[in-house]
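Contents: one structure, followed by commentary.
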Amino acid sequence: MDRNRLKHQVASMRSSLFDQGYLDEPFIQLEELQDDDNPNFVQEIVTLFYTDSARLIQNIEHALNSRRIDFDKLDDYMHQFKGSSSSIGAKKVTNECTVFREYCSAENAEGCIRSFQQVKQEYAILRRKLEVYLQMVRQAAVSRTT
Amino acid sequence: MNSSIGKAYVSTASSSAGWKAGDAAAAADQFPAGLRVLVVDDDPTCLMILEKMLRTCLYDVTKCNRAETALLMLRENKNGFDIVISDVHMPDMDGFKLLEHIGLEMDLPVIMMSADDGKHVVMKGVTHGACDYLIKPVRIEALKNIWQHVVRKRKNEWKDFEQSGSVEEGDRQLKQSDDADYSSSANEGSWKSSKRRKDDGDETDERDDTSTLKKPRVVWSVELHQQFVAAVNQLGIDNAVPKKILELMNVPGLTRENVASHLQKYRLYLRRLSGVSQHQSNLNNSLMSPQGATFGPLSSLNGLDLQTLAATGQLPAQSLATLQAVGLGRPTGKSGIPMPLVDQRNIFSFENPKLRIGEGQQQHVNNNKQMNLLQGIPTTMEPKQLAGLHHTMQSMGNMNMQVASHGSQNSQNNPLLMQIVQPQARGQMINDSSLSHAPRLLSPMGQPILANGIAANVSTKNGIQENIRAPSYNPVLQTSSMSNFPMNHTSELPGNSFPLGSTSGISSLTPKVAFQEDVNSDIKGSMGFMPGYDIFNDLNQHKPQNWELQNIGMTFDVSQHSNILQGNHNDSQSVLVQQGFSSSQVNGQNRSASVISKAMFSVGDGTGHVNAQNGNQHLNTLLVDGTVRVKSETVADATPTNLYPGDDLMSALLKQQDVIAPAEHEFHFDGYSLHNIPE
């Protein structure tokens, strides 16, 4: 594909990710950290985030499914999840995490379950979009060499 | 990140471990580039981002995903890092606990981070002695200036050093020029190099080296302190003037100023022991002389002990004995003394193998030395223990020393434990054999904490197992004197085993030790324990007692002191402890308690950046608050200047004293602006 076109697409998608609130300032920090020494830094971090999130999500699911919900533990997991999602600038995901934690501190199991669905949903959406975006970024980078 | 101890950490810079004097000059030129940062976070995403950010700032980064591993690394290479950044929530150890440990053992500036920006958490950071608090997600801009904490700390230490005792004209000049070059890299470099040299074991050599811009700190090792105390005892406390002490000590390279400032601290310590709360300082002779310096690296001594003692006036021999016994883990006979809640855990469980921690982990620790941590007389000693203290007291004196030696390894940290045994105390040393165990106690901390004695005692106390482990160590007042460690540590102290006891254990003891009826009450809150030394606790995996009380308190207030001592187990007491402790722990700065006031304020400031500027607050007002942990740092006051920069013990001791005494000094937080420090 034409390099310029690719670059435009990348720029446009990037803008929309920010405009629509999927991504936030920390993501820009990640992009700025990417350099020649770490040319795939953003991708590496995002991948790490996926792995870690998968683990946390699983833990939260498990905790929510137990007969006796341990809200402290839940809060702990979610705190971790919120920490890492905010570190990459996953704005919507982070916001949902905040909502979840509120339900958690109120020990509202149903509220937790509902808001967790939201968390997962936002996480899935973001992940999809990021994957598309980053792939486009890679393509644009590669296209430079041609 | 790997989790195995051996390679638990990943060093991103080749030179992170080997910082030779030669590198110092080079580093100085590029400062802050090359700043050796240890970053600890269990979140792999954040950790990687932070590492990259720090490397972008040209720092020398080592990352670690577990607190325990981080401590190990720090202990193995005490001078290998300049600053630590740690997350608050970690699975294996609470970030605040790690913070305390680091403050106590290594006296490095620590920055806390968290996604949690709640005022309470930030306040906790302040009270535990963090030099800054960053809210996640952390931006690189926030990391660019972290070097200021390193420089500030060094400057404070230097300044304290300078202020201690009489200052020669030359010193003044140096100081002034130092001020001018506050953040110059050249300064930093020379500071580092002198620091390095010192670390190499020359405790006193550099003192007279006027060619360096900064004065190297004198490291009051256990042995040195022992010599000092022996000299003071020989002269008699009233006749102990720096010149004569210096002559008696006959240590090459030691200057009269060094001795003078150390003496100042020591006097404060004694005063505190004797009940400054009553505003009496008649501790004269409290030194236990038989063994000479009973000071041991008290890093963990709880300030409380002293306070308790202070509170009750002269510590009756019995109390002391009890205290000691408590510290040692021996039942002293009075079982009535209620141990402050902390104590269950706090009591040092010397027996606790954690102490061993020192053994295993700290290779550098001198195991061979007995750690006599003794540092403070456990405040919460049970009656019987108090009795035990009696006889141990004497030995305690010694103990300190031993411990001290142990702790000396860390030249930086200044093991000095000074305290200890209350001279007046009635010399009892807790002879409990349990002390035997303690050997290494200090190791991690660099300052031998009473470890032996205390641990032993501690355990015996309320539910604590008695294992007095410390063998040869006479637990010298374990109680807090030393350790004022801020109790705020989330009481990791395992119920019985006081890790390492040493200091921590001891500290805990102190608060708890109630050496007499009076004491009891004090002990309660006082937590002499060293919260910081939870290391041991951690090892033990005990659930920490709830130190909360203690630490938070901060509120020291001289007037409160008595209150505190009296046993309200509340935060305020902890304040006392904290004082002593915090200084040692957090920044190792031994400043007077005045800091507290500062601390308090800063906390209010919010987010994480504590600035002691507003300090000088009235402690009293704050005190009762109980939430502020006094970080003892700083007190820039003329009085106690930090005799030993980095000498936590002393600071701890002093701190306690400060707490008790009216806050007259200027406080400043460690790592915080020194504005209030009188120049």
Side-chain angles (χ1 to χ4, degrees), chain A residues 23-57 59 72-91 93-95 97-98 100-102 104-105 123 126-127 130, chain B residues 1 3 10 12-14 39-61 63 65-67 85-96 112-118 120-122 124 133-144 490 543:
Chain A
L23 289 180
D24 205 353
E25 213 260 324
F27 191 83
I28 300 176
Q29 298 248 324
L30 293 188
E31 291 175 320
E32 286 172 355
L33 285 172
Q34 185 159 292
D35 55 18
D36 292 339
D37 291 336
N38 295 89
N40 299 315
F41 184 70
V42 178
Q43 180 65 70
E44 285 168 18
I45 293 287
V46 170
T47 305
L48 201 50
F49 170 67
Y50 294 154
T51 311
D52 204 39
S53 302
R55 176 185 65 87
L56 285 167
I57 287 173
N59 288 344
D72 286 337
K73 217 194 231 175
L74 260 186
D75 186 67
D76 206 43
Y77 289 138
M78 191 48 87
H79 175 90
Q80 292 178 54
F81 189 48
K82 183 182 169 187
S84 46
S85 64
S86 70
S87 294
I88 69 159
K91 192 168 166 189
V93 175
T94 305
N95 291 343
C97 289
T98 306
F100 179 96
R101 289 186 81 203
E102 282 166 13
C104 209
S105 64
Y123 171 75
L126 175 72
R127 184 165 173 166
L130 270 180
Chain B
M1 280 103 215
S3 49
V10 176
T12 54
S14 55
V39 56
V40 190
D41 194 336
D42 64 309
D43 181 333
T45 311
C46 292
L47 194 61
M48 197 159 175
I49 295 173
L50 284 166
E51 187 200 14
K52 180 65 182 155
M53 285 180 173
L54 290 163
R55 288 227 234 106
T56 302
C57 296
L58 303 180
Y59 296 149
D60 184 333
V61 187
K63 65 178 191 251
N65 68 344
R66 290 188 68 238
I85 301 178
S86 172
D87 190 40
V88 166
H89 295 89
M90 289 188 287
D92 64 329
M93 187 194 293
D94 179 47
F96 294 117
M112 300 305 294
M113 318 177 272
S114 179
D116 196 348
D117 61 350
H120 175 69
V121 185
V122 177
K124 246 184 132 181
Y133 190 104
L134 305 177
I135 307 294
K136 284 180 169 181
V138 176
R139 301 180 75 242
I140 194 172
E141 288 76 13
L143 297 175
K144 283 206 166 105
T490 33
K543 240 4 189 145

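Scope of the values below: all heavy atoms of this structure, side chains included, with no hydrogens, waters or symmetry mates.
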_As an exercise, state the distance from CG of A/Asp52 to CE of B/Met48, rounded to the nearest 0.5 Å._
12.5 Å

_Region of A/Asp35 in contact with chain B, defined by heavy-atom distances below 4.5 Å_ = side chain

_Under 4.5 Å from any heavy atom of chain B, what part of A/Gln29 do you find: side chain, backbone, both or neither?_
side chain

_Can you give me the closest heavy-atom contact between B/Pro137 and A/Ser87, atom names plus distance?_
CB-CA, 3.8 Å

*asked:* If we define contacts as heavy-atom pairs under 4.5 Å, which of B/Val138, B/Ile140, B/Thr56, B/Asp87 has the most with chain A?
replied: B/Ile140

*So which heavy atom on A/Phe49 is nearest to which on B/Thr45, and how close?*
CA-OG1, 3.5 Å

*asked:* Do A/His79 and B/Ser114 make a side-chain contact, defined as non-hydrogen atoms from C-beta onward lying under 4.5 Å apart?
replied: yes

*Considering only heavy atoms and a distance below 4.5 Å, find which of A/Asn38, A/Thr94, A/Asp24 pairs most often with chain B.*
A/Asn38

*asked:* So, taking the atom named NZ in A/Lys82 and the one named CG in B/Asp116, what distance separates them when rounded to the nearest 0.5 Å?
replied: 7.5 Å

*Output yes when A/Asp37 and B/Lys52 qualify as a salt bridge under the 4.0 Å nitrogen-oxygen rule, no when they do not.*
no

*With a 4.5 angstrom heavy-atom cut-off, could you sort out which part of A/Glu32 is near chain B: side chain, backbone, both or neither?*
neither

*asked:* Quick check on A/Leu30 against chain B: is it the side chain, the backbone, both or neither that has a heavy atom closer than 4.5 Å?
replied: side chain

*From CA spacing to verdict: side-chain contact (heavy atoms from CB on, under 4.5 Å), B/Met53, A/Leu33*: CA-CA 7 Å; B/Met53 285 180 173; A/Leu33 285 172; 3.5 Å; yes

*asked:* Tell me the closest heavy-atom pair linking B/Asp43 and A/Gly83, and the distance in Å.
replied: OD2-C, 4.0 Å

*When heavy-atom pairs shorter than 4.5 Å are enumerated against chain B, which of A/Leu56, A/Thr51, A/Ile45 gives the highest number?*
A/Ile45

